[in-house]
Amino acid sequence: MPPTTGEKALRGRVQELVEKNTVVVFSKSYCPYCIQVKDLFTSLGCEYVALELDQCDDGSNIQDILHEMTGQKTVPNVFVNKTHVGGADKTLQAHKNGTLQKLLDNTVAYDYDLIVIGGGSGGLACSKEAAALGKKVMVLDYVVPTPLGASWGLGGTCVNVGCIPKKLMHQAALLGQSLKDSRKFGWEYDEQVQHNWDTMRENIQSYIGSLNWGYRVSLRDKNVRYENSYGEFVEPHKIKATNRRGKESFFTAEKFVVATGERPRYLDIPGDKEFCITSDDLFSLSHCPGKTLVVGASYVALECAGFLAGIGLDVTVMVRSIFLRGFDQEMAERAGAYMETHGVKFIKKFVPTSIEQLEPGTPGRLKVVAKSTEGDAVIEEEYNTVLVAVGRDSCTRNIGLEKIGVKINERNGKIPVTDEEQTNVPYVYAIGDILDGKLELTPVAIQAGRLLARRLYAGSTVKCDYINVPTTVFTPMEYGCCGYPEEKAIDLFGEESLEVYHTLFWPLEWTVPGRDNNTCFAKIICNKLDNERVIGFHVLGPNAGEITQGFAAAMKCGLTKETLNETIGIHPTCAEAFTTMDVTKSSGGDISQKGC
Ligand code: FAD
Ligand code: NAP
């Protein structure tokens with residue numbers, strides 16, 4: 001039957017809708033699949049026209065016409081740039097495999113393929129990789145100065161106020177110990193040995209300056225546009241970049257990576273922001289901190305306390321509960337005990353309640369009042385410097401994520417992502433320290449950034465493996481680990497399924513100076529139900545990071561106790577302890593060492 005005039009008119013209306021609009025969704029207002037598709041276009045920042053067939057008089061006729069035109073009777077029925085995409089499944093699939101974006105791109109011209117907010121470990125790795133794969137990339141990096149005014153160059157936390165200056169100051173402390181040991185090895189020197197803070201700071205800062213410069217050059221070489229501006233989302237696919245002088249510019253991109261990292265948290269007590277420093281201030285501090293109170297007992301607190309004591313300062317650590325929460329507690333206790341026997345004082349189960357300045361200066365004098373976490377006891381003491389190291393807050397609350405609908409975990413400010421680092425808004429990805437439930441480590445951020453760029457732009461499917469990531473705490477006695485802490489392994493596998501091998505060891509280099517026997521410690525946790533596979537590796541001793549790295553690779557290959565037994569050690573080293581361990585914890589056997 002030939003179409004009636006009414007049908008012709010209606011068909012004309014449908015065609016006009018499809019031809020005149022970039023995105024048309026033929027929909028029914030109550031249909032959850034239609035809502036899903038409309039939400040997708042909203043999250044992509046695409047304006048769309050939705051014709052709700054259940055709300056128009058001729059809705060069922062339109063549905064018939066669509067059936068004739070497309071062979072599809074159901075809703076949603078989606079058209080993008082005059083092309084029929086299909087229903088919900090096909091639209092979502094097209095989004096996932098990029099064809100939807102290609103259809104949309106016929107009309108939308110973005111300034112960049114990718115904008116990365118944050119030029120730290122993760123952001124730089126991701127932006128350089130994406131540019132190397134031929135994409136047009138911009139990276140924004142901006143450091144908000146600390147309350148005391150410290151600021152730094154390109155490269156993020158690790159380079160400027162994290163791993164790099166921390167490890168170099170740790171080295172300064174280790175050299176102090178080596179100087180003492182050297183006399184026993186025959187070195188003779190008359191001059192008084194003392195440490196000069198200014199020389200150390202200047203040399204370390206000048207090395208950091210060279211790294212900052214190197215990053216700028218490598219961005220330029222790789223054709224990544226770098227803006228020293230603060231980025232925040234203002235609308236879908238669009239950010240505002242504000243530079244140091246307050247000048248605002250706007251840029252659009254097809255995709256975004258958020259890599260804004262974290263900044264130190266304060267105590268929120270009277271005097272903390274005015275008079276205390278954090279790790280963001282410490283490494284460039286214009287003067288030697290003098291008698292120092294470190295508040296906190298995790299990585300940052302213990303590492304900083306360790307090197308400050310190592311260069312000869314009077315250092316006290318105020319511990320709220322336990323050392324190194326989340327780490328194997330036997331190892332954490334041993335690392336803390338070593339610090340205690342090497343000059344660091346600990347005030348346990350106390351928290352500061354106020355900081356008062358008694359005298360300004362470089363350093364000045366501060367009065368700290370603290371209260372017990374277990375009773376009413378209150379103590380007060382004077383220090384030159386108070387270093388607050390009580391954790392870090394994600395930089396996610398002031399970057400306009402709410403304007404484009406990116407969800408954060410309101411409790412901790414972190415961003416939940418899929419195993420492909422995609423946020424709930426499909427064109428926005430996140431990497432590094434701001435990820436919810438992931439590790440806050442430089443190599444993790446770098447690996448995630450690089451692999452993300454390869455998946456986005458080189459067809460790779462390789463995801464970042466967050467399991468069995470090795471790490472080292474650079475306390476005076478370094479603590480390296482990979483895999484489970486003993487407590488966690490017991491929780492997950494049950495004590496009866498595990499065999500723990502352990503031993504104390506004495507580095508040969510420490511025997512002649514005659515120091516610290518029976519303090520270095522090695523431990524592996526093996527799963528008896530899985531061929532004694534090593535599921536936890538822990539070492540406390542010199543160069544623990546260097547030792548742990550190799551064993552982490554072995555664990556990735558499925559390291560078992562038998563493989564360790566069959567591996568011939570390198571003598572005389574500390575790491576050889578792992579090839580000769582034969583005392584199990586359950587046996588209660590003697591693990592003390594009489595010689596190396
Ligand atoms: P970051 O490196 O923090 O980079 C984020 C960047 O984004 C920063 O430059 C920031 O200023 C910038 N930014 C933030 N918001 C905006 C915005 N809106 N616009 C523009 N730019 C913005 N890890 C290790 O693996 N080993 C160690 O030994 C180690 N030691 C550490 C010692 C200390 C004292 C600290 C604090 C951390 C240490 N870490 C260590 C952790 C490591 O530094 C971080 O895991 C790593 O830097 C995270 O990288 P990221 O890219 O996520 O963020
Ligand atoms: P963190 O691991 O979050 O630890 C915070 C510490 O501060 C804990 O000891 C906590 O005690 C204490 N604390 C919190 N609030 C307090 C309060 N109000 N008063 C007193 N103490 C308080 O933080 P972090 O040490 O800053 O480390 C952040 C991340 O940086 C780490 O997760 C790590 O991945 C990374 N990092 C890595 C390295 C390395 O690789 N070597 C070095 C430094 C940092 P409780 O245990 O009682 O909560």
Side-chain angles (χ1 to χ4, degrees), residues 116-126 139-145 151-167 169-170 227-233 239-242 257-269 272 278-280 282-283 294-304 317-327 332 349-353 370 373 388-396 398-401 412 430-435 438-446 448-449 469-475 478-480 544-545:
V116 178
I117 309 180
S121 308
L124 289 180
C126 184
V139 63
L140 300 155
D141 190 60
Y142 185 87
V143 178
V144 177
S151 184
W152 47 89
L154 178 62
T157 302
C158 169
V159 181
N160 295 286
V161 285
C163 331
I164 299 298
K166 179 277 304 290
K167 182 95 190 282
M169 292 197 178
H170 173 63
E227 279 289 314
N228 182 203
S229 296
Y230 186 87
E232 62 191 297
F233 289 98
I239 55 151
K240 176 171 80 178
T242 310
V257 170
V258 183
T260 46
E262 299 183 312
R263 294 297 291 271
R265 188 176 301 148
Y266 282 82
L267 287 160
D268 213 13
I269 58 170
D272 65 344
T278 68
S279 54
D280 279 0
L282 177 66
F283 303 109
V294 178
V295 185
S298 202
Y299 268 105
V300 176
L302 295 188
E303 290 181 340
C304 293
V317 181
M318 192 171 282
V319 182
R320 178 169 72 174
S321 59
I322 55 170
F323 291 140
L324 295 173
R325 180 174 299 284
F327 285 91
K349 307 270 166 73
F350 270 84
V351 287
T353 51
T373 58
V388 177
V390 294
R392 298 168 60 79
D393 290 324
S394 296
C395 303
T396 53
N398 298 311
I399 54 171
L401 291 177
N412 59 14
I431 51 172
D433 282 4
I434 52 172
L435 296 192
K438 301 284 195 290
L439 292 150
E440 297 160 14
L441 294 168
T442 282
V444 174
I446 293 175
V469 173
T471 181
T472 291
V473 189
F474 294 95
T475 32
E478 295 172 12
Y479 165 35

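Counting starts at 1 for both ligands and their atoms, following the listed order.
- Within the structure, the closest approach of Asn160 to ligand 1 does not fall below 4.0 Å when heavy atoms are considered.
- The protein heavy-atom contact nearest to atom 18 (N) of ligand 1 is Gly231 O, 3.0 Å.
- Of the candidates Ile446, Val116, Asp141, it is Asp141 that places a heavy atom closest to atom 9 (O) of ligand 1.
- The atoms of ligand 2 that sit less than 4.0 Å from any heavy atom of Thr471 are 40 (O).
- Residue contacts with ligand 1 for Val143 involve both N, CA, C or O and side-chain atoms from C-beta outward (heavy atoms, distance under 4.0 Å).
- Of the heavy atoms in Met318, none comes closer than 4.0 Å to ligand 2.
- The nearest heavy-atom contact from the protein to atom 24 (P) of ligand 2 is Val300 CG2, 3.7 Å.
- Contact annotation for Arg325 and ligand 2: only side-chain heavy atoms (C-beta onward) come within less than 4.0 Å of the ligand.
- In this structure, the protein non-hydrogen atom closest to atom 13 (N) of ligand 2 is Val390 CB, 3.6 Å.
- Considering backbone and side-chain N/O of Thr157, one or more are found under 3.5 Å from N/O of ligand 1.
- Contacts between Ser229 and ligand 1 below 4.0 angstrom, taking non-hydrogen atoms only, involve the backbone exclusively.
- For ligand 1, none of its N or O atoms has an N or O atom of Gly155 under 3.5 Å away.
- Shown in contact with Thr472 at under 4.0 Å from a heavy atom are these atoms of ligand 2, numbered in order with element: 39 (C), 40 (O), 41 (N).
- Those atoms of ligand 2 that come under 4.0 Å of a heavy atom in Arg392, given as number and element, are 26 (O), 28 (C).
- Of the polar atoms of Arg263, none of the N or O atoms is found under 3.5 Å from an N or O of ligand 1, judged by distance alone.
- Every atom of ligand 2 is numbered from 1 in the order shown, and the set under 4.0 Å from a heavy atom of Leu441 is 34 (O), 37 (C), 40 (O).
- In Cys163, the parts holding a heavy atom less than 4.0 Å from any atom of ligand 1 are both the side chain and the backbone.
- Distances from ligand 1 to the non-hydrogen atoms of Gly449 include no value under 4.0 Å.
- Of the protein's non-hydrogen atoms, Val161 O, 3.6 Å is the one closest to atom 34 (C) of ligand 1.
- Atom 8 (C) of ligand 2 has as its closest protein heavy atom Ser298 CB, 3.9 Å.
- Contact atoms of ligand 2 toward Glu303: 39 (C), 41 (N), 42 (C), 43 (C) (distance under 4.0 Å to a heavy atom of the residue).
- Considering backbone and side-chain atoms together, Gly122 places an N or O closer than 3.5 Å to an N or O of ligand 1.
- Considering backbone and side-chain atoms alike, Ser279 places every N or O at 3.5 Å or more from each N or O of ligand 1.
- Here the shortest heavy-atom distance to atom 44 (C) of ligand 1, taken over Asp433, Thr472, Thr260, belongs to Asp433.
- Those atoms of ligand 2 with a heavy atom of Val351 less than 4.0 angstrom away are 19 (N), 20 (C).
- Closest to atom 47 (O) of ligand 2, if we only count protein heavy atoms, is Ser321 OG, 2.5 Å.
- Checked against a 3.5 angstrom limit, the closest N/O atoms of Val300 and ligand 1 fall outside it.
- When only interatomic distances are considered, the shortest N/O to N/O separation between Thr442 and ligand 1 falls below 3.5 Å.
- In this structure, the protein non-hydrogen atom closest to atom 53 (O) of ligand 1 is Gly261 CA, 3.4 Å.
- Of the protein's non-hydrogen atoms, Gly162 CA, 3.8 Å is the one closest to atom 35 (C) of ligand 1.
- The protein heavy-atom contact nearest to atom 36 (C) of ligand 1 is Arg392 NH1, 3.2 Å.
- The closest approach between Glu232 and ligand 1 stays at or above 4.0 Å for every heavy atom of the residue.
- Near Leu267, with a cut-off below 4.0 Å to any heavy atom, the atoms of ligand 2 are 17 (C), 18 (N), 19 (N).
- When hydrogens are left out, the protein atom nearest atom 13 (N) of ligand 1 is Tyr142 O, 3.6 Å; that is the closest non-hydrogen contact.
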